[in-house]
Structures are given as structure tokens and as C-alpha cells.
Amino acid sequence: MDLVAEFKNQPRKLQPNLITRGNQLNITNYDGEELFLYVFNLLDMPVLQRNVTSSAINFSTDNLAIGFYVYQLMDRRNYIVNSGKFILQ
């Protein structure tokens, strides 16, 4: 069974939605397609940009201030494949 084919049309996920500062933010990218993560604060200012090139990536929230954030996961064609929000406490 080809796992990439099995999950090809599954949504990409960023979780959890409620994060304690210093914990990891996890992105699941089932097919491993190159994605770009953009995180914005409530003033719509970009505070984080990362390439996501594997099927799962974790990164620390140590450099983000406590608050409410909006994110977008975009593919190479600049299409938004997922978006949402999370709270850092």
C-alpha cells in the first residue's frame, strides 16, 4: 500500500489549537508536498514563516509572544491548502 497515495487528498493539519508557550506546534503534511507556513498576529503582521518539506514537522513556540495567531499553509503555486487559528498561552 502506498501511503502517499492513500493520504494524497487528506487535509494538512496544524495542531494543537491551544498551545502552552515553549511546547511544540505540529504540522501534518500527509503527502510530503512542499508547503509554506505563514503565521500572523492579530494585527495581520507576519511573525513566522517556515518551509514544510516533510510529512510531519514540529517547531518550538519559544519565539512567539502569548496571544492569538492566524496561520496559512500554502503550496508552491501560492494556493492556500489550509488555514486556521491557534492560541498561545
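Because the structure is a prediction, the values reported are computed rather than measured.
Tyr79 and Leu37 fall into different hydrophobic clusters, where Ile, Leu, Val, Met, Phe, Trp and Tyr residues are linked whenever their side-chain heavy atoms come under 4.5 Å apart, directly or through other members. The hydrophobic clustering, which links ILVMFWY residues whose side-chain heavy atoms are closer than 4.5 Å, places Val47 and Ile27 together. Side-chain heavy atoms closer than 4.5 Å link hydrophobic residues (I, L, V, M, F, W, Y) into clusters, and following such links, possibly through other members, connects Val81 to Tyr69.
Screening Thr53, Leu73, Asn51 for a side-chain contact (heavy atoms from CB on, under 4.5 Å) with Phe36, the sole residue that qualifies is Asn51. Tested against Arg21, the residues Asn63, Leu64, Ile66 include a single side-chain contact (heavy atoms from CB on, under 4.5 Å) partner, Ile66.
In this structure, the separation between CE on Met74 and CD on Glu34 is 13.0 Å, given to the nearest 0.5 Å. With rounding to the nearest 0.5 angstrom, the CD1 atom of Ile87 is 11.5 Å from the OG1 atom of Thr20. One finds the OG1 atom of Thr61 at 10.0 Å from the CG atom of Leu48 (value rounded to the nearest 0.5 Å). Tyr38 OH to Ser83 OG: the interatomic distance, rounded to the nearest 0.5 Å, is 14.0 Å.
Note on ring orientation: taking the six-membered ring where Trp is involved, the planes of Phe86 and Tyr71 are tilted (angle from 30° to 60°).
Listed here is the closest heavy atom pair of Phe68 and Val70: CE2-CG2, 4.1 Å.
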